[in-house]
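What you are looking at is a predicted structure, and each value in this text was computed from that prediction instead of being measured. Atoms considered below: every heavy atom in the structure, side chains included; atoms not considered: hydrogens, waters and symmetry mates. Each chain gets a letter, A, B and so on, in the order the sequences are listed, and its residues count up from 1.
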Protein chains: 2
Amino acid sequence: MKWVKLMTNRVRRTMPLLPISIVMQLTELTARQIRYYEEHELISPARTEGNKRMFSLNDVDTLLEIKDYLDQGLNMAGIKKIYDLRETPANEKAEPKNLSDAELRRLLHEELKHQARPFEKGGFRQSDLSRFFN
Amino acid sequence: MKWVKLMTNRVRRTMPLLPISIVMQLTELTARQIRYYEEHELISPARTEGNKRMFSLNDVDTLLEIKDYLDQGLNMAGIKKIYDLRETPANEKAEPKNLSDAELRRLLHEELKHQARPFEKGGFRQSDLSRFFN
DNA sequence: AATCAATGTTATGTTTTCTAACACAAAAAT
DNA sequence: ATTTTTGTGTTAGAAAACATAACATTGATT
């Protein structure tokens, strides 16, 4: 029975449970947007035998984050980079082989340009489904 | 922000999120069975605008319980009664107007007949989704 | 033997989702 | 100042998922 407790956390958040319609409601994104983000490999929802997307709670969290980053002026490339870095094991983080310095500088510059933003919309930081699911 | 914390528990378990296909996997019931149980008012899944059933985590829990009760030899009426009693506020529980004594005795008798059962199948008590979703 | 309860199966229609293409406004690059 | 690129909207056509309803089957009850 140990595996139950052990897997519980991972399972419950990675299990593909939600159809796109529900994810749309949960995130207030359009299907078009969600598919576009998948196209850019920001998420990788599972597929049914019939090829319908099925999303996990993790996917929803990620989508909320993406929304947030976009609000902050990041673009696909920037967000992707963030997730790439985040997933990179800390030990080989010192070896960014396939990204030129120029590229990196360019991305950072881009982000900074948008740093100065109007005023906060809601004052209410959205970006984690845990508001609903503990 | 208080409502967030306060509603969290109810929301996360009553929110209609899952299509029937997923519920089938989660419960190992057929669509036919699930619809049959709904027909007998053991569950009341929400509906989309287009009339598709959408289930909550609570619904899934209930279905797992139903499965368990059926295994134990109860029938629809018995299970229904159990849920009716469960939902009845304790104060008016002393007033079971619309059920005749004969009816009640009959139900209990039925349950008892099946009390002596072969041997436990899995030795692993199924009947709460919390194994997966805490 | 006849009935009933729970489930399987099949037929037919509707809703949801898919991909792909074209459109478009705003931002970025030239 | 144009031209390109980005992110998203919209539409069309096809396929998958789901709905209801009817009839079939099987094991238990009467």
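B:Tyr37 places a side-chain heavy atom less than 4.5 Å from the side chain of B:Leu29. Using a 4.5 Å cut-off on side-chain heavy atoms (C-beta onward), A:Ile82 and A:Leu74 make contact. Looking at B:Met15 and B:Leu57, their side chains never come closer than 4.5 Å, going by heavy atoms from C-beta outward.
Distance, A:Glu49 CD to D:dA16 P: 11 Å, rounded to whole Å. Across the protein-nucleic acid pair, A:Leu74 atom CG and D:dT6 atom P stand 15 Å apart, rounded to whole Å. As a whole-Å value, the separation of A:Leu18 CG from C:dT16 C1' is 15 Å. Between the C1' atom of D:dA19 and the CD atom of B:Glu39 lies a distance of 13 Å, rounded to the nearest Å. Between the P atom of D:dT6 and the CG atom of A:Leu70 lies a distance of 14 Å, rounded to the nearest Å. For B:Leu29 and C:dA6, the CG to P distance is 14 Å, given to the nearest whole Å. Remark: C1' of C:dA5 and NZ of B:Lys80 are 17 Å apart, rounded to the nearest angstrom. The CD-P distance, from A:Gln33 to C:dC24, rounds to 19 Å in whole Å.
For the residue pair B:Tyr83 and B:Leu42, the shortest heavy atom distance occurs at CD1-CD2, 4.2 Å.
Mapped onto DNA chain C by nearest heavy atom, B:Met76 and A:Met24 fall at different nucleotides, with B:Met76 at the one closer to the 5' end.
Using a 4.0 Å heavy-atom distance criterion, A:Arg35 is classed as a base contact.
In this model, the phosphate group of C:dT15 is not approached by any side-chain N or O of B:Thr48 to a distance below 4.0 Å at OP1 or OP2. Residue B:Tyr36 has a polar side-chain atom (N or O) positioned under 4.0 Å from OP1 or OP2 of C:dA6. A sub-4.0 Å separation between OP1 or OP2 of C:dC18 and a side-chain N or O of A:Arg32 is absent. Proximity of B:Arg53 to the phosphate of D:dC18: no side-chain N or O atom is located under 4.0 Å from OP1 or OP2.
Nearest nucleotide to the side chain of B:Lys52, out of D:dT8, D:dC18, C:dT7: D:dC18. Distance from the side chain of B:Arg47 is smallest to D:dT20 among D:dC18, D:dT20, C:dT7. Distance from the side chain of B:Ser21 is smallest for D:dA17 among the nucleotides D:dA17, C:dA6, D:dA19.
With 3.5 Å as the limit, one finds a donor-acceptor pair spanning the side chains of B:Ser56 and B:Asp59.
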